[in-house]
Amino acid sequence: MIVHDKSLLYGRYVVCAKENIDVLPNDVKILPAIRNGQCTRCQSKILKAWQLPNNVSYCWGCSKMGRITSNDYLITLADPNDFKHSERPCIWEGKLTAFQEAVSNQQLIALRKNISHLTYAVTGAGKTEMLFPMITKAIQDNMRIAVVAPRIDVVIELKKRIQNAFIIPFVTLYGGSKDEYYYTQLVIATTHQLMTFKEAFDVIVIDEVDAFPYVENTMLSYATEQALKKTGIKFYLTATLNQQLKKFVKQGMIGFSTLPRRFHGYELPNLTIKIVQNWRRKLPLKVIKHIMYLKQMKINFLLFVPEVDDVKRVVAQLTGTDINILGTYATDEKRLEKVQAMRAKQIDGLITTTILERGVTFKGIDVLILGGDENIFTATALIQIAGRCGRSLERPTGNVTVYAREKTKQLMTAIAEINYLNILGKKYDM
């Protein structure tokens, strides 16, 4: 392995075979990829089953980042923050509301004081835009920044918004990304990609911090800490506060801001529950009539279902009607294309699992949830799904209809929480 560009090693874990160690630059730090039965990159304990035919151990835990074995090394160089100074990196011409600006200023204070910070804001509050002043200041101060999220769809949404707001080079990293890594001051990535960094970032922004697969995932939490410089700080963003985040705030471990107000001032749409039975056997007539009405009114829609098989089932039952729909789920190889087709309004609606519950924006849509009483639809998921409605000034409202066999505790908790957030939001006008 010949390193032609040393910057590719700055704050980065790069896999190197044993036979190439002698040709590396003298200042490169070299670590065994697997040491004492543990993976250096992701900290997974190497199981006996993780062996190649030649009896060489490998790590299955982070294999999606590229295979590493007990014959390999991880090489890295300290990140020198060697960036071209940018005095005006942000070209965003939008304007924050007074409430958004208050949160943004608290983020700037956290950056100046070098204290990690949590922003708890209702979905649709403009969390990404509120970050722009802090990111701008960090860039001007020659810091290196990562903006990460657990899910690819959210990362792609972040890329679009940051691309339109900043004029500095950045790389976007996720499974299937077309970007080739190079050394940049700003990185946008899935949380999994942090496993390939070593003390690289002064600031890590974690969007949707409470989302699967990041939440309660010790490997990804370790990856975040590993990618952060010893003097670095984190900015957490969420629309649904979990117990761990509440604990951090209560103990004073992090700064805290809250904004229960959507950027346009309208309320978060609440859930309307309609009772249906045996919907898997046959799509209820009231659901079909609802979808036909949306088409007639030229309102696009997302229809959430509990399982992948339900996606296929609903798509099959609507095939042959004049409803133009597609279905998608986490392992769908064409998911990104279908999401784009939905954004471009090339289809009437998209049937989906909870993979699209958060972080994606479609303008002017309504939302339907089929089987909303099933376990996958937690109160948190339901609140996030409701947040897919009313995300544009052109149509800041929308309807969220839940078709279920019964009213569950999770459904009633979600309704109560949305009511609470809306009441809290009204107080901001007083």
Side-chain angles (χ1 to χ4, degrees), residues 89-111 117-139 145 147-149 151 153-166 186 188 203 205-211 234-241 245 255-269 343 356-365 367 383-398 400 417-418 420-429:
C90 184
I91 57 170
W92 186 59
E93 295 181 350
K95 183 173 176 58
L96 297 175
T97 67
F99 304 127
Q100 289 175 323
E101 191 172 356
V103 173
S104 186
N105 287 339
Q106 289 167 342
Q107 292 172 346
L108 282 167
I109 291 169
L111 181 71
H117 185 275
L118 166 65
T119 299
Y120 170 43
V122 65
T123 176
K127 289 188 290 295
T128 305
E129 288 72 19
M130 284 187 279
L131 283 170
F132 290 169
M134 184 277 292
I135 293 175
T136 298
K137 179 60 175 170
I139 292 169
I145 308 107
V147 182
V148 302
R151 298 184 182 179
D153 305 270
V154 180
V155 170
I156 292 171
E157 186 83 20
L158 287 167
K159 175 185 177 180
K160 285 170 48 189
R161 295 191 185 187
I162 289 174
Q163 199 166 38
N164 291 332
F166 288 86
L186 178 62
I188 303 171
V203 173
V205 177
I206 311 168
D207 195 7
E208 307 290 357
V209 66
D210 62 315
K234 291 168 283 187
F235 286 86
Y236 303 99
L237 307 180
T238 184
T240 45
L241 210 57
L245 293 173
F256 179 64
S257 300
T258 184
L259 180 54
R261 191 77 166 150
R262 306 193 100 187
F263 78 95
H264 46 53
Y266 284 77
E267 293 185 347
L268 178 65
R343 281 203 183 99
L356 296 184
E357 76 180 27
R358 60 178 77 215
V360 290
T361 296
F362 304 104
K363 293 183 178 180
I365 67 167
V367 167
I383 293 167
Q384 289 284 359
I385 288 170
R388 298 315 97 207
C389 277
R391 298 183 72 88
S392 69
L393 283 170
E394 295 78 16
R395 188 172 182 246
T397 59
V400 187
E417 182 69 13
I418 292 172
Y420 171 74
L421 289 169
N422 286 335
I423 291 168
L424 204 58
K426 286 179 181 178
K427 293 182 179 178
Y428 274 59
D429 294 333

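Residues: numbered from 1 along the sequence shown. Bear in mind that the values here come from a model prediction, so they are computed numbers and not experimental data.
Side-chain atoms of Arg161 never come within 3.5 Å of backbone atoms of Glu157 as a donor-acceptor pair (strictly under, hydrogens ignored). Between the His117 side chain and the Ile109 main chain, no donor and acceptor come within less than 3.5 Å of each other. Arg358 contributes no side-chain N or O that, together with a main-chain N or O of Val154, makes up a donor-acceptor pair within less than 3.5 Å. For Asp207 (side chain) and Val147 (main-chain N/O), no donor-acceptor pair under 3.5 Å exists by modelled atom type. The main-chain N or O of Leu237 is never found under 3.5 Å from a side-chain atom of Thr119 such that the two would form a donor-acceptor pair. Arg388 contributes a side-chain N or O that, together with a main-chain N or O of Glu357, makes up a donor-acceptor pair within less than 3.5 Å.
Lys160 NZ: more than 12 foreign heavy atoms inside a 6.0 Å radius.
The side-chain contact (heavy atoms from CB on, under 4.5 Å) search around Thr136 returns Pro89, Cys90, Gln140, Phe166, not counting sequence neighbours. Residues that satisfy the side-chain hydrogen bond (donor to acceptor under 3.5 Å, both in side chains) test with Glu267, not counting sequence neighbours, are Lys426. Residues that satisfy the side-chain hydrogen bond (donor to acceptor under 3.5 Å, both in side chains) test with Tyr236, not counting sequence neighbours, are Lys234.
Looking at every heavy atom in both residues, Ile383 comes nearest to Thr123 through O-CG2, 4.1 Å. Scanning both residues, Gln384 and Ala239, for their nearest heavy atoms gives NE2-CB, 3.8 Å. Between Arg261 and Ala125, the shortest heavy-atom contact is O-CB, 3.4 Å. The minimum heavy-atom distance linking Ile418 with Ala386 is given by the pair CD1-CB, 4.0 Å. Taking all atoms of both residues into account, the shortest heavy-atom contact from Ser392 to Lys363 is CB-CG, 3.9 Å.
Distance check, rounded to the nearest 0.5 Å: NZ of Lys137 to CG of Leu111 gives 8.0 Å. Rounding to the nearest 0.5 Å gives a distance of 6.5 Å between CD1 of Ile188 and CG of Leu158. Note that the CZ atom of Phe235 and the CD1 atom of Ile135 stand 9.5 Å from one another [nearest 0.5 Å]. Atoms CZ and OG, on Phe99 and Ser257 in that order, are 14.0 Å from each other to the nearest 0.5 Å. For the atom pair CD of Gln106 and CG of Leu118, the computed distance is 11.0 Å after rounding to the nearest 0.5 Å. One distance of note links CG of Leu259 with OH of Tyr120; it measures 11.0 Å at 0.5 Å rounding.
By the 4.5 Å heavy-atom criterion applied to side chains, Arg262 and Arg391 are counted as neighbours. Residues Met134 and Val205 form a side-chain contact, since some pair of their non-hydrogen atoms from C-beta on lies under 4.5 Å apart. For the pair Asp153 and Ile156, the minimum side-chain heavy-atom distance is 4.5 Å or more. For the pair Val367 and Pro269, the minimum side-chain heavy-atom distance is 4.5 Å or more. No side-chain heavy atom of Leu96 sits under 4.5 Å from any side-chain heavy atom of Phe132.
Under the 4.0 Å criterion applied to side-chain N and carboxylate O atoms, Lys95 and Glu101 are not assigned as salt-bridge partners. For Glu208 and Lys127, the salt-bridge test fails: no basic side-chain N is under 4.0 Å from an acidic carboxylate O.
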message: Evaluate Leu186 against Ile162 for side chain to side chain contact (heavy atoms under 4.5 Å, CB included), listing each step before the verdict.
response: CA-CA 10 Å; Leu186 178 62; Ile162 289 174; 3.8 Å; yes
